[in-house]
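Notes follow once the structure below has been shown.
None of the values given here were measured: they were computed from a predicted structure. Hydrogens, waters and symmetry mates are skipped; everything else that's a heavy atom, side chains included, is used.
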Amino acid sequence: MKNLSITCLIIIFTVLGNSVSAGDCPKDPLPVEPDLYRVLTRAEKEMEKDRNQKALDLLADYVRKNSSSEHPQLAFLRGVINYRLKRFNDSEFFFREAIKLDPCFGEAWQNLAAVHGQQNRPGEAAEAMEKAFSLILPENSDLQYQAALLYVHAGAPGKALPLLKGLVTRPKPQGEWFEALSYVYVRLFKPAKAAEAMEKAIRIKPDSSRKYRTACLWIEADRLEKAYALLKGLCAEPKPLSQWRASLAHVLERLGKNDEAAKVLASGNTAEKNPANYFRSALLHLKDGAPQKALPLLLKLSANANPNTEWLIALASTLDRLNRPDEALAVMEKVDLNAPALSS
């Protein structure tokens, strides 16, 4: 997995204080005075009409007239409106004020994470999101997942690991959770564990991209038989990708099965379409002591309009090994020894 996309952080609007807190937090939210309730409700109606600045002015006017009145819901709503107006520094200030007034206000922590996401501060966003996850009940797996992704984005895979390990032990875990766990193990240089996590993602949704990534991880972990089983299945599909064939050939070569590797590379390819794999197939036959199998491949390659110098030299060498020196000499006469050899 090369990249993980961060789930969009949603700003939450809760006027009446229906945050559920955890642990030793109070069971019920702080009561809202009638006057404050009325102004919060009016502000909400203005927000519904997309008149956010007017809603903010209503709340600011209330604060001016009630300077001693402090309530986390008031600060929270001011944070929401500023977020909508893309005033993220002001939004951060008010969410922090809401948290100061009520440290158990889980939604304020969640929205603070959203603000930090907009401010490109993923480490702080992850910490706030993890705090929100710990406070809001019932437990929300999406918050746990977002916190983990934010830690990854912040370059702290070690902090993401326990969150993801907790996620995948839940009933009916999602495949993307195992993919994220696999990615974290890759970042922690544990390819075998990464592959094991991807195997579990495959059981949930056995798509070819997951299988190929898992095979690559098994190769990195030097568990070639496991990689072989996956790649063999992939290459048996109706339209196997060339990269699958190349990886299967690589595994077979490392397992000492050069003949099989050569056949895999040559199958589905032509000298014109994929000359690099065709040439590699010929070299594997030569490595396996089978120049007679390499010869037809090299003849096809040399028949191209502009044959690579390496191909011609390999063809001449093969003909010589097959006791056909005159033909080998004729091929070598065509070789421009001053021409740069193309990479195979």
_For a ring-ring contact (aromatic ring centres under 6.0 Å, His included) check, start with the C-alpha distance between F76 and F95, then their side-chain angles and the critical distance, and finish with the verdict._
CA-CA 6 Å; F76 179 84; F95 286 135; 5.6 Å; yes
*Donor-acceptor pair, R84 side chain versus N52 backbone, under 3.5 Å?*
no
*About how many Å separate CZ of R87 and CD of Q53, when rounded to the nearest 0.5 Å?*
4.5 Å
*Would you check if E260 and L255 make a side-chain contact, meaning some heavy-atom pair closer than 4.5 Å?*
no
*Hey, could you give me the CD/CG distance between Q119 and N89, rounded to the nearest 0.5 Å?*
5.5 Å
*Student check: side-chain heavy atoms of L217 and E220 closer than 4.5 Å*: yes
*Hey, quick one: are L329 and L299 part of the same hydrophobic cluster, counting side-chain heavy atoms closer than 4.5 Å, chains of contacts allowed?*
no
*Can you check whether L163's main-chain N or O pairs, donor with acceptor, with Q144's side chain at less than 3.5 Å?*
yes
_Do L77 and M47 make a side-chain contact, defined as non-hydrogen atoms from C-beta onward lying under 4.5 Å apart?_
yes
_What's the separation between atom OH in Y145 and atom CG in L150, rounded to the nearest 0.5 Å?_
11.0 Å
_Heavy-atom pair with the smallest gap, counting every atom of A192 and R223_ = CB-NH1, 4.4 Å
_Short N-O contact, E92 and R121, less than 4.0 angstrom_ = yes
*asked:* When you measure from the side chain of S247 to the backbone of Q243, do you find a donor-acceptor pair of N or O atoms at a distance under 3.5 Å?
replied: yes
*Tell me, do Q118 and K86 make a side-chain contact under 4.5 Å, heavy atoms counted?*
no
*Given the rule that I, L, V, M, F, W and Y join up when any side-chain heavy atoms are under 4.5 Å apart, are Y212 and I202 in one cluster?*
no
_Can you confirm whether R321 sits close enough to T318 that some side-chain heavy atom of one is under 4.5 Å from a side-chain heavy atom of the other?_
no
_Would you compute the distance between atom CG of L161 and atom NZ of K190 and round it to the nearest 0.5 angstrom?_
7.0 Å
*Roughly how far apart are L59 CG and R42 CZ, rounded to 0.5 Å?*
10.0 Å
_Tell me whether W177 shares a hydrophobic cluster with V184, the cluster being built from Ile, Leu, Val, Met, Phe, Trp, Tyr side chains joined at under 4.5 Å._
yes
_How long is the straight-line distance from CD1 of I313 back to CH2 of W311, given to the nearest 0.5 Å?_
13.0 Å
_Side chain to side chain, S134 and W109, heavy atoms closer than 4.5 Å_ = no
_Hydrophobic clusters here meaning ILVMFWY residues chained together by side-chain heavy-atom distances under 4.5 Å, can you tell me if F94 and F105 are in one?_
no
_Side-chain H-bond candidate by donor/acceptor type, N111 with E107, under 3.5 Å_ = no
*Any side-chain heavy atom of L181 sitting closer than 4.5 Å to one from K165?*
yes
*Mark yes or no for whether S182, through its side chain, and A195, through its backbone, hold a donor-acceptor pair below 3.5 Å.*
no
*Is it true that a side-chain atom of D288 and a backbone atom of L284 form a donor plus acceptor pair closer than 3.5 Å?*
no
_Test log, rule side chain to side chain contact (heavy atoms under 4.5 Å, CB included), inputs R170 and S141_ = CA-CA 9 Å; R170 288 174 174 266; S141 59; 3.9 Å; yes
*S267 side chain to V264 backbone, donor-acceptor under 3.5 Å*: yes
_Donor-acceptor pair, distance only, cut-off 3.5 Å: does the side chain of H71 make one with the backbone of P31?_
yes
*asked:* Has S281 got a side-chain atom pairing as donor or acceptor with N277's backbone, closer than 3.5 angstrom?
replied: no
*Under 4.0 Å between a Lys/Arg side-chain N and an Asp/Glu carboxylate O for K293 and D259?*
yes
*Looking at side-chain heavy atoms only, is the closest gap between I219 and R254 below 4.5 Å?*
yes
*asked:* Can you see whether Y151 engages E130 through a side-chain donor-acceptor pair at a distance of less than 3.5 angstrom?
replied: yes
*Would you call R64 and D61 a salt bridge, taking side-chain N to carboxylate O under 4.0 Å as the test?*
yes
*Please name the pair of heavy atoms, one in A294 and one in A282, separated by the smallest distance, quoted to 0.1 Å.*
CB-O, 3.4 Å
*asked:* Taking the six-membered ring for Trp, are Y83 and F88 closer than 6.0 Å centroid to centroid?
replied: yes
*Look at atom NZ of K232 and say whether more than 12 heavy atoms of other residues, nucleotides or ligands are closer to it than 6.0 Å.*
no
*Given side chain to side chain contact (heavy atoms under 4.5 Å, CB included), test N66 with D35 step by step and report yes or no.*
CA-CA 10 Å; N66 301 271; D35 287 346; 5.6 Å; no
*Ignoring hydrogens and angles, tell me if any N or O in the side chain of D102 forms a donor-acceptor pair with the backbone of C104 under 3.5 Å.*
yes
*asked:* So if I apply the side chain to side chain contact (heavy atoms under 4.5 Å, CB included) rule between L315 and each of V335, V331, D320, L297, which one comes out positive?
replied: V331
*Going hydrophobic residue to hydrophobic residue with side-chain gaps under 4.5 angstrom, can you get from F93 over to Y62?*
no
_Residue pair W218 / E199, side-chain donor-acceptor N/O under 3.5 Å_ = yes
_Would N308 and L301 count as a side chain to side chain contact (heavy atoms under 4.5 Å, CB included) here? Give the steps._
CA-CA 8 Å; N308 185 332; L301 284 169; over 6 Å; no
*Look at the side chain of T41 and the backbone N and O of Y37, then say whether any donor-acceptor pair between them is shorter than 3.5 Å.*
yes
*Residues H116, M129; criterion side chain to side chain contact (heavy atoms under 4.5 Å, CB included); working and verdict*: CA-CA 10 Å; H116 286 326; M129 189 64 75; over 6 Å; no
*asked:* Minimum heavy-atom separation for A314 and F279, please, with both atom names.
replied: CB-CE1, 3.7 Å
